[in-house]
2 protein chains.
Amino acid sequence: MEVKNKQQGIKVVADVLDIVGGKWRGQILAHLCDNPKRFNELKTVLSRITSSTLTKELRYLEDIKMVERKIIQETPMIVEYRLTKHGMSIKDLIKTIVEWGLKHRAIVFKKD
Amino acid sequence: MEVKNKQQGIKVVADVLDIVGGKWRGQILAHLCDNPKRFNELKTVLSRITSSTLTKELRYLEDIKMVERKIIQETPMIVEYRLTKHGMSIKDLIKTIVEWGLKHRAIVFKKD
DNA sequence: AATACAGGTAGTTTTTAAGATACTTACTTT
DNA sequence: AAAGTAAGTATCTTAAAAACTACCTGTATT
């Protein structure tokens with residue numbers, strides 16, 4: 001797929017980064033790439049996130065249909081978050097980000 | 001290249017998004033993918049950015065060695081910004097972002 | 001009976017990013 | 001001589017993102 005309209009193409013960068021950017025969204029999506037996770041599992045792997053922030057981010061990702069919330073069991077309550085079918089499409093992008101990051105960290109993440 | 005350490009891999013997502021994320025960095029890098037641009041060219045294509053923000057973002061991108069500032073001519077002053085050799089490596093990532101965005105915009109950017 | 005876990009919500013405060021406004025130096029054009 | 005261009009800098013303010021603290025319902029554990 002070629003980029004037809006360059007201006008349009010470049011604006012879309014900002015839109016995508018709105019979804020995947022910020023402090024937590026990319027990481028949440030990355031964790032959900034592997035397999036579905038429960039609220040507290042996410043909270044544990046994202047060790048510094050607070051409940052309220054995690055809730056907000058998950059609700060946003062639900063709103064844009066990237067993630068779905070599934071109540072697995074009512075009592076005791078088990079809730080699972082997973083990528084939607086559509087959300088799965090982000091996997092390759094996340095993979096590209098991770099690969100670039102691992103390859104270039106030595107140069108670029110050096111805060112001297 | 002396979003991701004060896006998953007935890008490490010996922011943290012790197014946040015580091016990369018720090019470089020490419022925010023309101024302007026991704027767009028600046030995207031514009032510089034095509035060819036070098038002068039300060040005011042960038043200011044024009046990023047139509048809503050202010051001088052001070054553009055300067056800040058460019059200095060940051062210089063600091064991390066993604067972009068270099070080159071004085072082409074002292075008088076009258078001509079300054080050009082271009083991707084460093086290392087910065088060029090971001091092109092594929094930007095391309096992946098643009099392609100994902102163009103393909104999925106209909107579903108995901110719909111704010112109803 | 002008390003404590004802890006699961007999955008949150010509500011309200012406030014702090015931090016960070018971005019924007020607004022004004023000004024600068026050195027040159028060039030009218 | 002005045003105005004305009006190029007490439008910025010310096011402050012200050014605003015807005016948005018994230019954090020902090022406390023609390024809630026229902027179940028399970030000690």
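Quick caveat, the model's predicted, so the values are computed rather than measured.
For B:Arg25 and C:dA17, the CZ to C1' distance is 9 Å, given to the nearest whole Å. Put simply, CG on B:Leu61 is 13 Å from P on C:dA17, counting in whole angstrom units. At whole-Å resolution of the value, CD1 in A:Ile71 and P in D:dG26 are 14 Å apart. One atom, NZ of A:Lys23, and another, P of C:dT16, lie 8 Å apart when rounded to the nearest Å. Summarising the geometry, the separation between CG on A:Leu54 and P on D:dC20 is reported as 15 Å, rounded to the nearest angstrom. Per the geometry, CD belonging to B:Glu57 stands 9 Å off P belonging to C:dG19, to the nearest Å. Protein atom CZ of A:Arg48 is 16 Å distant from nucleotide atom P of C:dT15, rounded to whole Å. Atom C1' of nucleotide D:dA18 and atom OH of A:Tyr60 are separated by 16 Å, given to the nearest angstrom.
Side-chain atoms of A:Thr84 come within 3.5 Å of backbone N or O of A:Lys65 as a donor-acceptor pair. Listed for the A:Lys70 side chain is no donor-acceptor partner under 3.5 Å among the backbone atoms of A:Tyr81.
B:Trp100 and A:Ser89 are linked by a side-chain donor-acceptor pair at a separation below 3.5 angstrom, with hydrogens and angles left out of the test. B:Thr55 and B:Ser52 form no side-chain donor-acceptor contact under 3.5 Å, judged by distance and modelled atom types alone.
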Does the salt bridge (charged side-chain N to carboxylate O under 4.0 Å, His left out) test come out yes or no for A:Glu80 and A:Arg82, once each step is laid out? CA-CA 7 Å; A:Glu80 199 175 80; A:Arg82 55 170 73 219; 2.8 Å; yes
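In terms of position on DNA chain D, the residue among A:Glu74 and A:Gly22 whose nearest nucleotide sits closer to the 5' end is A:Gly22.
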Write out a two-atom table: protein N or O, nucleotide N or O from nucleotides 6-11 of chain D, distance below 3.5 Å.
unit_1	atom_1	unit_2	atom_2	d
D:dA6	O3'	B:Arg38	NH2	3.3
D:dA6	O3'	B:Met77	O	3.4
D:dA7	OP1	B:Arg38	NE	3.1
D:dA7	OP1	B:Arg38	NH2	3.3
D:dA7	OP1	B:Val79	N	3.1
D:dA7	OP2	B:Asn40	N	3.3
D:dA7	OP2	B:Asn40	ND2	3.2
D:dG8	OP1	B:Arg59	NH2	3.3
D:dG8	OP1	B:Arg69	NE	3.0
D:dG8	OP1	B:Arg69	NH2	2.5
D:dG8	OP2	B:Tyr81	OH	2.8

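Follow the hydrophobic side-chain contacts under 4.5 Å out from B:Ile72 and you never reach B:Leu42; the two are in separate clusters.
Proximity note for B:Thr75 (side chain, C-beta onward) versus C:dT28, C:dG19, D:dA18: the nearest is C:dT28.
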